[in-house]
Amino acid sequence: MSNRTKPVKISSLARDVFKSFDSSVITGWQSNLAGFLSGSKSFYVLLAISSLVVLASSMTTINALNIGYRHAYNVTREIPWGILISTYVFFVVTSTGLCIVSSIGHVFGVKDFMPIAKRAVFLSIVTITAGFTVIFFEIENPFRMALYNVISPGLTSNIWWMGTLYGAYMVFMIIEYIFLLLNLHKIAMFAGLAGLLTGLAAHSNLGAIFGMLHAREFWYGPYLPIYFIVSALASGCAAVIFFTYLGYRINNEKMDKPMERSMEAVGKLCALMVAVLIFFNIWKIITGFVGGEGKQAALTAMLAGPYAFNFWVFEVLIGMLLPFTLLMYSKGKNIGMMFLASILMTTGIFMMRYDLVVIGQIVPVFHELGVKEFSQLLPYKPSFYEIMVVIAGLGITASSFLLGEKVFKGHKSDVH
Amino acid sequence: MKLNKPDFENIKAECRDEVTEVERREFLKIGLAITGVIAGGTIFSVVSDIGRVFASGKEFNEKYPYKPHYSMVIRQDRCIDCERCMEACVLTNSVPDYGYRTMILEREVADAVGQKREFIPVLCNHCNQPPCVRACPTKATYKDSNTGIVMMHYSKCIGCKTCVLACPYNARYFNEEKHAIDKCNFCFDTRISKGEKLTACSAACPAGVRIFGDLSDSGSEVYNLVHQIAKPVWVQRPEVGAKPNVFYMKG
């Protein structure tokens, strides 16, 4: 703890890094490897399944690249963003949320949030990687993006800011995790703070990509950048509960007192965030019904039209009401109940992203013109290839999580 | 506690004399614009809000930002849906069969008296404040500083399709052959830059629907059609505020 107050000097920093590599980490990793090899049978079965899923789905998605996205994906001129965009949003929302939740402990020093933080940082890297993988297969020219993002930046574009900031965010989170492994908490804290700030900026920009499309009434406005941050926190809490519970099951360990307190704190924050989400949703709907025709048409499709099942069952019931009840009822003590709530929430949130992206496009831009071509809501259903990309993203998350649990020995942090 | 009595003798009445001429005019315009919306959906007559109909608002009435300031007036009631404009566009600009740069929409009003059907040609509106250009992360789409045409730099396009969604006019599509977003550019590369005076669609139209020209030239047909007040001129989706350079009128 004493090195927290000392100013960081480059020379001593280098020495610290070198030392920590020299002693504990190498030997530690050797024992980690041994630990990994001694995993239980069901662990290997799960790891094998998730790796096979990654393999199979990446083969399919590479095939999609080959035959061309216009043939492989069901996106159209009128609905150019489908489930891949919503899945990308889902992963980066989760990543940002994990980063925020971990920062409460690691950056701001709230004791109760410290035990869960290391795993959360690791998983934020895993989920952003899954998100980038999905978007790689969505963008038509990802390699051009890497080039022209640098040499021809469009500074008025939210996509530019989001992409650039998320790139920086990923680097900061990786730095944070490395320094956490090296037990250099001061540098880890600064990297965590940088990660938090870039993550928040990137994530609100992601909301603004939608919120600043003023030709799309369903999205347009300052609501989405704010909503995205709130829902990131909700997603992050759910992910922490979900993965921490599973982590302890995989390692066949019992939670100690600080960890139990930590789960309780995260559970309470989670319930609060779901309540905020409910509040946001209510006002989004009420304000929407005094808006333009396009917004009302989209809202009607969501509440009583083709997306009503998605909305009421997945978003409202599975995504918000049931988890809220379970979280409140568990009082932060019944871990099993909280785990169930986190599964329901994550499922619901996945659908929330899908509906947000798709419903924003189903009302044609010329609908108010009253022309035959655009008199109906536009259809979209994800194709087989699109679903396989989604599965690839989920597979990457699952296998990386499983590997991480063994390689990094249950993400135990030494300094509490 | 004693309340201060208002000094009634010296309070100025908020009567008509206090409202300046400018304020009064602005207020009337708002009222007329609102009635315009209720009466005709997206229709704004020149009378109700002349600033909106002129391509770039009042500040550009005398001075348009581009020279030539390319623009198109669509005389909607003359369109017979022969689709020669679409054919000419496909041939001139090698548009693939799964996409289009221009289209003719059909509106049917079953309970209308007399004529029940009309056709509405649509294309890129080459907006003065193009939402697509703002949204592009790599400046692959840009507003040409000479002509005001919204153009594509195909090799810079990453295919994120944000511009497709940003466009209020459904004017963009992903072209597989170019591996980039493609859109109408007023035939700049295929005709206008080679000295032609008209776009392919405008030249092919047998009914004189599509009038193409320089809005900054007071002698041009587009200038005279847009700057008159006898017949209403409107733009599509004015509420977006993109300030389009494609105008619509009848008669």
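Basis for what follows: all heavy atoms, side chains included, without hydrogens, waters or symmetry-related copies. Sequence lines set the chain letters: A, B, ... in the order given, protein chains first and strands last, and positions in each chain run from 1.
Ring-plane geometry between A:Phe132 and A:Tyr88 is classed as parallel, the angle between the planes falling under 30 degrees on a 0 to 90 degree scale with a further cut at 60.
Closest approach of B:Arg210 to B:Pro121, counting heavy atoms only: NH2-CB, 3.5 Å.
The choice from A:Asn158, A:Ile209, A:Ile135 that makes the most heavy-atom pairs within less than 4.5 Å of chain B is A:Asn158. Across B:Cys157, B:Ala180, B:Ala242, B:Gly99, the residue that shares the most heavy-atom pairs under 4.5 angstrom with chain A is B:Cys157. Counting heavy-atom pairs under 4.5 Å between each of B:Gly241, B:Ala140, B:Ala135 and chain A puts B:Ala135 at the top. Ranking A:Lys372, A:Arg70, A:Glu138 against chain B, the residue ahead of the rest is A:Arg70, based on heavy-atom pairs under 4.5 Å. Each of B:Val240, B:Leu165, B:Thr162 has some count of heavy-atom pairs under 4.5 Å with chain A, and the biggest count is that of B:Leu165.
Contact of A:Pro153 with chain B is made through the backbone alone, with heavy-atom distances under 4.5 Å. Only the side chain of A:Trp219 comes within contact range of chain B, with heavy atoms under 4.5 Å apart. Residue B:Ile181: no heavy atom, backbone or side chain, is found under 4.5 Å from chain A. Contacts of A:Phe210 with chain B are absent, with no heavy-atom separation under 4.5 Å from either backbone or side chain. At a 4.5 Å heavy-atom cutoff, the contact between B:Cys160 and chain A is made by backbone and side-chain atoms alike. Heavy atoms of B:Cys167 lying under 4.5 Å from chain A belong exclusively to its backbone. For B:Ile120, the part lying near chain A is the side chain, with the backbone staying farther off; criterion is any non-hydrogen pair under 4.5 Å. Contact of B:Phe119 with chain A is not made at all, since no heavy-atom distance falls under 4.5 Å. Using a 4.5 Å cut-off between heavy atoms, B:Val122 touches chain A through its side chain atoms alone. Neither the backbone nor the side chain of A:Met162 comes within contact range of chain B, judged by heavy atoms closer than 4.5 Å. Proximity to chain A involves both the backbone and the side chain of B:Glu106, based on heavy atoms less than 4.5 angstrom apart. Looking at A:Gln361, only its side chain comes within 4.5 Å of chain B, counting heavy atoms on both sides.
Between the A:Trp161 side chain and the A:Ala202 main chain, no donor and acceptor come within less than 3.5 Å of each other. Panel note: side chain B:Gln76, backbone B:Cys79; no donor-acceptor pair is recorded below 3.5 Å. In this structure a side-chain-to-backbone donor-acceptor pair under 3.5 Å is present from B:Asn175 to B:Lys178.
Both the sub-6.0 Å distance and the 45° axial angle are satisfied by B:Lys161 relative to the ring of B:Phe174. A cation-pi arrangement, defined by a distance under 6.0 Å to the six-membered ring centre and an angle within 45 degrees of its axis, is absent between B:Lys183 and B:Tyr169.
Note on B:Arg237 versus A:Glu368: no salt bridge recorded, every NZ/NE/NH1/NH2 to OD/OE distance being 4.0 Å or above.
The distance between the ring centers of B:Tyr154 and B:His179 does not fall below 6.0 angstrom. Checked against a 6.0 Å centroid threshold, the rings of A:Phe374 and A:His367 do not count as neighbours.
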Applying salt bridge (Lys or Arg N to Asp or Glu O under 4.0 Å), run through A:Glu293 and A:Lys295 and close with a yes or a no. CA-CA 6 Å; A:Glu293 259 179 60; A:Lys295 200 167 189 174; over 6 Å; no
